There are 2 protein chains.
Amino acid sequence: MTTATSPRALEHPPRDRIRLEAVLHALSDPVRLRIVRDMAREGTELSCSYFDLPVTKSTTTHHFRVLRESGVIQQMYRGTAKLNALRGEDLDALFPGLLDTVLAAADAQAARTEGAA
Amino acid sequence: MTTATSPRALEHPPRDRIRLEAVLHALSDPVRLRIVRDMAREGTELSCSYFDLPVTKSTTTHHFRVLRESGVIQQMYRGTAKLNALRGEDLDALFPGLLDTVLAAADAQAARTEGAA
DNA sequence: GTCAAACTACGAGGGTTCTCGTACAATGGG
DNA sequence: CCCATTGTACGAGAACCCTCGTAGTTTGAC
């Protein structure tokens, strides 16, 4: 039984322990990069079930955990759902422009591959 | 026996086959990120033996191959040495600003960790 | 209390990665 | 030709990662 104030706690790295290598690794997986792109496009907190990913729910949980433990996203429970948000401020303070540049690169690559289809 | 024009050929992905995920993955390893930072700092072609890495030569060869096959660097033989250069133009054409942003992020992180020492 | 929805935990399989040691090839100098 | 230098190839071990299925937990609705 957990305390009433934080029913289910989730471990997040503090800002000063976010490592660039871990962020790059988190973003180097196609499924996770897609998740991050979706989150950036919507701009608001999204539940895990919002995403229509080509993997099972178990694998989805795994990817969200990698994103959280690397410091890319923040997660919090709300009822049975789990809300996800990009840690844009933290990332921009540590690595200015990195997230935006990667997102732009992903958009550019998507435009190229879609255009070739 | 190879042709005289290209004594030892090395496979490089053409520009349009460089994938963002592969680039991010290549940069997500500490040893490789360090190699890329050194290359960017020197700005000129460097031989593999220039780098003083905390791994054996075999492992060094492995990391340079990952960098080459992901499209981050270009390699060519020159005598017994092998010269390495960043594919800055290709990367910038595909993913504008990505390399510089990652390098700046790596510098920022290095400054923080060194400052704390 | 019962039930469905949302997500997690655990374990496992299969693949990839990082690392190394040893043995080998290619080049250039004496 | 002999040899030092530079890097490669191959194999192997340990670790990690992505994926899944099954079973379980937490929450909110009825």
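All values below come from the heavy atoms of this structure, side chains included, with hydrogens, waters and symmetry mates left out. Small disclaimer: the values here were computed from a predicted structure and weren't measured.
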Item to check | Results of salt bridge (charged side-chain N to carboxylate O under 4.0 Å, His left out) for B:Arg34 - residues two or more places apart only | outcome: none
Item to check | Worked verdict on A:Leu53 versus A:Arg32 for side-chain contact (heavy atoms from CB on, under 4.5 Å) | outcome: CA-CA 10 Å; A:Leu53 302 173; A:Arg32 291 193 293 263; over 6 Å; no
Checklist entry - With respect to the side chain of A:Val31, which nucleotide from D:dA9, C:dC18, D:dT19 is positioned closest? => result D:dT19
Checklist entry - So does A:Arg37 pair up with A:Asp107, basic N to acidic O under 4.0 Å? => result yes
Checklist entry - Are A:Thr59 and D:dC20 close enough that a side-chain N or O sits under 4.0 Å from OP1 or OP2? => result yes
Checklist outcome for this item: Between CZ of B:Phe64 and C1' of D:dG7 the distance, given in whole Å, is 11 Å
Checklist entry - Relative to the 5' end of DNA chain D, which residue comes earlier, A:Arg32 or B:Thr61, by the nucleotide with the nearest heavy atom? => result B:Thr61
Checklist outcome for this item: Tightest non-hydrogen contact, residues B:Gln109 and A:Ile18, listed as OE1-O, 3.9 Å
Item to check | Comparing A:Ser28 and B:Gln75 on DNA chain D - which has the more 5′ nearest nucleotide | outcome: B:Gln75
Checklist entry - Which one, D:dA9, D:dC18, C:dC18, comes nearest to the side chain of A:His63? => result D:dC18
Item to check | Nearest to side-chain heavy atoms of B:His62, which nucleotide of C:dT19, C:dA6, D:dT5 | outcome: C:dT19
Next on the checklist: For DNA chain C, which residues of residues 41-56 of chain B approach it to below 4.0 angstrom with any heavy atom?
Outcome noted: B:Val55, B:Thr56
Checklist entry - Out of C:dC7, D:dT6, D:dT26, which nucleotide sits closest to the side chain of B:Lys57? => result D:dT6
Next on the checklist: Among residues at least two apart in sequence or on other chains, which ones pass side chain to side chain donor-acceptor pair (under 3.5 Å) with A:Arg78?
Outcome noted: none
Item to check | Worked verdict on A:Glu45 versus A:Gln74 for side-chain contact (heavy atoms from CB on, under 4.5 Å) | outcome: CA-CA 9 Å; A:Glu45 298 187 334; A:Gln74 194 174 27; 5.9 Å; no
Checklist entry - OP1 or OP2 of D:dT6 less than 4.0 angstrom from a side-chain nitrogen or oxygen of B:Arg78, does that happen here? => result no
Next on the checklist: Between the base of C:dG21 and the side chain of B:Ser58, is there a donor and acceptor pair under 3.5 angstrom?
Outcome noted: yes
Checklist entry - Between B:His25 and D:dC17, does any side-chain N or O lie under 4.0 Å from OP1 or OP2? => result no
Checklist entry - For B:Asp52, does the CG atom have more than 12 heavy-atom neighbours from other residues, nucleotides or ligands under 6.0 Å away? => result no
